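Notes follow once the structure below has been shown.
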Amino acid sequence: MGNGLYAWLQPDGGWGWSNAGLIRDGEASLLVDTLFDMTLTRDMLSAMEDATGIGAGKIATIVNTHANGDHCHGNGCCPQAEIIASEASAREMAEVPPATLAMFKAAGAKLGPAGTYFADVFAPFDFENVEERAPTKTFSGAMDMKVGDKAVRLIEVGPAHTGGDVLVHVPGDKAVFTGDILFIDGTPLMWAGPVANWIRACETIIAMDVDIIVPGHGPITDKAGVRRVADYLAYVDREARKRFEAGLPVREAALDIALGDFSSWGDGERIAVNVDSLYREYRGDGKVTPVIELFALMAQVRDARR
């Protein structure tokens, strides 16, 4: 992207196909996120070394933008690097280790439609051979650091997509790596919420003096792309609240909401998780639906919308 900034993009940005980035200044470097498994991450690091001369052994710092495995399961490929994440993300990483994903994937159809769906969308990824590395340094709020002479600011904007989402802002280069605050051409997935926090995170990006915006999934975007994500979240919030107040269950509400302008985005069945999270917010009871039930719900919504 110029001036020592690089983005690693994995089309089509669907389940598990996340983006990462490299910030360098001379021999100093910071890797923004790793990938869903060790093989994918090694391939990325090899390509980065070809492009920059900075290989896995020279990367000094990794920032994990959040706890989902497609942004941190490759941490072990850089055993010498300091790993920075928000405190909330570090807690979440410990709650869902790769072994849990491997177990669900191996069970597959034995877990019913949820297991079939899970095994299908995560079929390309190897959860069996992940050498975990947890964060070695955490922060809350914001953290300023340097990569060589480049100023980098880490800004915690979660809970939103997950409990501890972080933006990586490089103000001197007018660039920001957003993690999964942004899904471009794919449906945002709200595991945590509240929705107002996520919309506020989008507004934070829009208010930045940036020209380069690297999302967690999908192609590099601009502020119009950020606005579209915020519009989706606001739309689903409005529509879900109507159905909550009318007494519709989550599944019926998810099926009843027309995707309209957002119907071309991938993984549209994620609206089921988004509605479930919004209903939890409206109830105010903090009751979290088990993940396997959410995958079953997405499978039902996907099949019903076909």
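Just so it is clear, the structure is predicted and the values come from calculations on it, not from any experiment. No hydrogens, no waters, no symmetry mates; every other heavy atom, side chains included, goes into these values.
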>> How long is the straight-line distance from CD1 of Ile220 back to CZ of Phe177, given to the nearest 0.5 Å?
In response: 8.0 Å
> Do you reckon Val170 sits in the same ILVMFWY cluster as Leu167, going by side-chain contacts under 4.5 Å, direct or chained?
Replying inline: no
> Between Thr41 and Leu35, is there a donor-acceptor pair closer than 3.5 Å when you use the side chain of the first and the backbone of the second?
Replying inline: yes
> In the hydrophobic clustering that connects Ile, Leu, Val, Met, Phe, Trp and Tyr at side-chain heavy-atom distances below 4.5 Å, which members other than Met93 occupy its cluster, ordered by chain and number?
Replying inline: none
Just list the side-chain donor-acceptor pairs under 3.5 Å for residues 295-305, sequence neighbours left out, or say none.
unit_1 : atom_1 : unit_2 : atom_2 : d
Gln300 : OE1    : Arg251 : NE     : 3.0
Arg305 : NH2    : Ala254 : O      : 2.6
Arg305 : NH2    : Ile257 : O      : 2.8

> Sub-3.5 Å donor-acceptor pair from the side chain of Thr138 to the main-chain atoms of Glu87, do we have one?
Replying inline: no
Sequence neighbours left out, cut at 3.5 Å: what donor-acceptor pairs do the side chains of residues 196-206 make with other protein atoms?
unit_1 : atom_1 : unit_2 : atom_2 : d
Asn197 : OD1    : Arg200 : NH1    : 2.6
Asn197 : ND2    : Pro159 : O      : 3.2
Trp198 : NE1    : Ile181 : O      : 2.8
Glu203 : OE1    : Arg227 : NH2    : 3.2
Glu203 : OE2    : Arg227 : NH1    : 3.1
Glu203 : OE2    : Arg227 : NH2    : 3.1
Thr204 : OG1    : Arg200 : O      : 3.0

Please set out all donor-acceptor pairs under 3.5 angstrom arising from side-chain atoms of residues 107-117, sequence neighbours excluded.
unit_1 : atom_1 : unit_2 : atom_2 : d
Thr116 : OG1    : Gly112 : O      : 3.3
Tyr117 : OH     : Trp15  : NE1    : 3.1
Tyr117 : OH     : Glu269 : OE2    : 2.6

> From Asp120 CG over to Lys105 NZ, what is the distance, rounded to the nearest 0.5 angstrom?
Replying inline: 10.5 Å
> Got a sec, which pairs hit side-chain hydrogen bond (donor to acceptor under 3.5 Å, both in side chains) with one end in residues 47-60, sequence neighbours left out?
Replying inline: none
>> Considering only residues two or more places apart or on different chains, which pairs with a residue in residues 92-114 satisfy ring-ring contact (aromatic ring centres under 6.0 Å, His included)?
In response: Phe104-Phe118
>> Has Asn19 got a side-chain atom pairing as donor or acceptor with Gly218's backbone, closer than 3.5 angstrom?
In response: yes
>> Below 30° counts as parallel, above 60° as perpendicular, anything between as tilted: where do the rings of Tyr232 and Phe262 land?
In response: perpendicular
>> Suppose the criterion is salt bridge (charged side-chain N to carboxylate O under 4.0 Å, His left out): which pairs have a residue in residues 164-187, not counting sequence neighbours?
In response: Lys150-Asp173, Lys174-Asp209
> Is Lys223 reaching over with its side chain to a backbone N or O of Met208, donor-acceptor style, under 3.5 angstrom?
Replying inline: yes
> With Arg270, which residues qualify under salt bridge (charged side-chain N to carboxylate O under 4.0 Å, His left out), at least two apart?
Replying inline: Asp267
>> Once side-chain hydrogen bond (donor to acceptor under 3.5 Å, both in side chains) is applied, what residue pairs with a partner in residues 275-298 remain, sequence neighbours excluded?
In response: Asp237-Tyr282, Asp276-Thr289, Arg283-Asp285
> Gln80 side chain to Ile59 main-chain N or O, any donor-acceptor pair under 3.5 Å?
Replying inline: yes
> Could you give all pairs that pass the ring-ring contact (aromatic ring centres under 6.0 Å, His included) test and reach residues 24-70, with sequence neighbours left out?
Replying inline: Phe36-His73, Phe36-Phe122, Phe36-Phe125, Phe36-Phe127, His66-His71, His66-His161
Enumerate donor-acceptor pairs with a distance under 3.5 Å from any side-chain N or O in residues 5-13 to protein atoms, sequence neighbours excluded.
unit_1 : atom_1 : unit_2 : atom_2 : d
Gln10  : NE2    : Ser18  : O      : 2.7
Asp12  : OD1    : Gly14  : N      : 2.9

> Does Asp256 have any salt bridge (charged side-chain N to carboxylate O under 4.0 Å, His left out) partners at least two apart in sequence or in another chain, and if so, which?
Replying inline: Arg243
> Do the non-hydrogen side-chain atoms of Leu182 and Val226 ever get within less than 4.5 Å of each other?
Replying inline: yes
